[in-house]
Amino acid sequence: MLLIIDEVQTGIGRTGKMFCYQHYGITPDVVTLAKALGGGLPIGAMIARKEIADTLGPGMHASTFGGGPVVCKAALAVLKAVQQEKLLLKARSMGEYLFKRLNDLKEKLPLIVEVRGMGLMAGVELDIDGKAVVQECLRKGLLINCTHERVLRLMPALNVSAKEVDKATGILYSVLKGVAK
Ligand SMILES: *Cc1c(COP(=O)(O)O)cnc(C)c1O
C-alpha cells in the first residue's frame with residue numbers, strides 16, 4: 001500500500017515547511033504538487049520515491065500540463081525564490097503573526113467559532129454563512145474565499161508583510177463587526 005500525499009495546496013512553503021507532511025515526521029511514497037509550484041503558470045507534478053518512480057515508463061502516467069519546458073523553468077524559478085528569499089522562514093514567522101491577529105479577532109467577535117490552520121494557510125470558522133463576508137471584504141480590498149459555507153480561507157502570498165497582515169485583519173474585523181450588528 002502506498003502513502004500518497006496531496007500537497008497541491010499545502011506544498012511549496014504554504015504551511016511554513018516545504019511540504020506539510022514534514023510537520024508530522026512521516027515519509028510519503030508519492031507526493032502530488034501543482035498550483036504554487038508554477039507561481040501562477042499551469043503545472044502539475046507527481047514526485048515518487050525512486051523504487052516507485054522506476055516502475056513507471058514513458059507514457060504510463062500522463063498529464064496535459066505536467067512537463068512543458070516553459071512551466072518547468074517557471075517552477076525552477078519559484079523554488080529558487082523560496083530558497084533565496086527565505087520564504088519558508090517568512091511563512092512561519094508571518095504565519096505566527098497572522099494567527100495571533102486572527103485569534104485577537106476571535107476574542108472580540110463571538111461569531112468566530114474557531115481559527116485553525118498552519119503557516120500562511122488559515123481558516124476562520126464562523127457561526128454564520130460566509131458568502132456575504134467574502135463579498136464585503138472584496139469590496140474593501142481583501143480577497144479571501146469561503147469553503148464549507150462557514151469557513152473563511154486566508155492564503156496570503158508567502159512574502160506578505162506584517163503591515164499587510166494588519167490591513168487584512170483590520171478589514172476582516174470591520175466587516176465581521178458590521179455583520180455582528
Ligand atoms: C487544485 C487541486 C488539485 C488539482 O490540481 P490540478 O493541477 O488541477 O490537477 C488537487 N488537489 C488539491 C488539494 C487542489 O487544491
Side-chain angles (χ1 to χ4, degrees), residues 1-83 85 87-88 90-92 94-96 98-99 102 113-126 129-131 133-135 137-138 142-160 164-165 168 172:
M1 199 188 296
L2 298 180
L3 177 61
I4 301 176
I5 298 188
D6 182 340
E7 294 261 7
V8 169
Q9 287 202 24
T10 52
I12 321 297
R14 175 54 52 192
T15 67
K17 290 191 187 277
M18 184 57 97
F19 305 110
C20 187
Y21 75 75
Q22 294 172 310
H23 291 283
Y24 300 99
I26 51 175
T27 307
D29 297 299
V30 173
V31 170
T32 57
L33 292 174
K35 301 202 174 101
L37 178 63
L41 291 182
I43 191 169
M46 186 188 86
I47 303 170
R49 284 199 297 114
K50 188 171 184 316
E51 278 167 81
I52 295 149
D54 285 348
T55 67
L56 295 169
M60 283 170 69
H61 180 71
S63 166
T64 306
F65 295 123
V70 174
V71 293
C72 286
K73 191 76 184 172
L76 286 175
V78 166
L79 295 176
K80 208 163 136 189
V82 167
Q83 193 176 39
E85 297 173 32
L87 293 184
L88 301 182
K90 278 189 193 165
R92 276 201 289 273
M94 277 300 113
E96 264 175 41
L98 173 66
F99 278 94
L102 291 175
V113 176
E114 190 183 18
V115 172
R116 57 182 179 254
M118 208 181 249
L120 285 171
M121 184 177 224
V124 178
E125 185 177 346
L126 308 176
D129 192 286
K131 227 177 284 144
V133 174
V134 169
Q135 283 305 316
C137 283
L138 182 60
L142 173 65
L143 182 60
I144 57 174
N145 74 353
C146 178
T147 61
H148 304 289
E149 275 102 60
R150 289 162 179 245
V151 184
L152 303 178
R153 192 179 63 163
L154 285 81
M155 303 237 296
L158 299 191
N159 61 356
V160 70
E164 288 165 328
V165 169
L172 190 57

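Just so you know, ligand 1 is whichever comes first in the structure, and atom 1 is the first atom listed for that ligand. By convention here, the first residue in the shown sequence is residue 1.
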Applying salt bridge (charged side-chain N to carboxylate O under 4.0 Å, His left out), run through K90 and E85 and close with a yes or a no. CA-CA 8 Å; K90 278 189 193 165; E85 297 173 32; 5.4 Å; no
Which value, rounded to the nearest 0.5 Å, describes the distance between I4 atom CD1 and I47 atom CD1? 13.0 Å
Kindly print each ligand 1 N/O atom paired with any protein N/O atom under 3.5 angstrom away, one pair per line, or none if nothing qualifies.
| unit_1 | atom_1 | unit_2 | atom_2 | d |
| --- | --- | --- | --- | --- |
| ligand 1 | 11 (N) | D6 | OD1 | 3.4 |
| ligand 1 | 11 (N) | D6 | OD2 | 2.6 |
| ligand 1 | 15 (O) | Q9 | NE2 | 2.7 |
| ligand 1 | 15 (O) | K35 | NZ | 2.6 |

M118 to Y24 - nearest heavy-atom pair and separation: CE-OH, 3.3 Å
Between I144 and C137, the two heavy atoms sitting closest are CD1-SG, 4.0 Å
Nearest atoms (heavy-atom pairs only) where L102 meets A122: CD1-CB, 3.7 Å
I5 side chain reached by T32 side chain, heavy atoms, under 4.5 Å: no
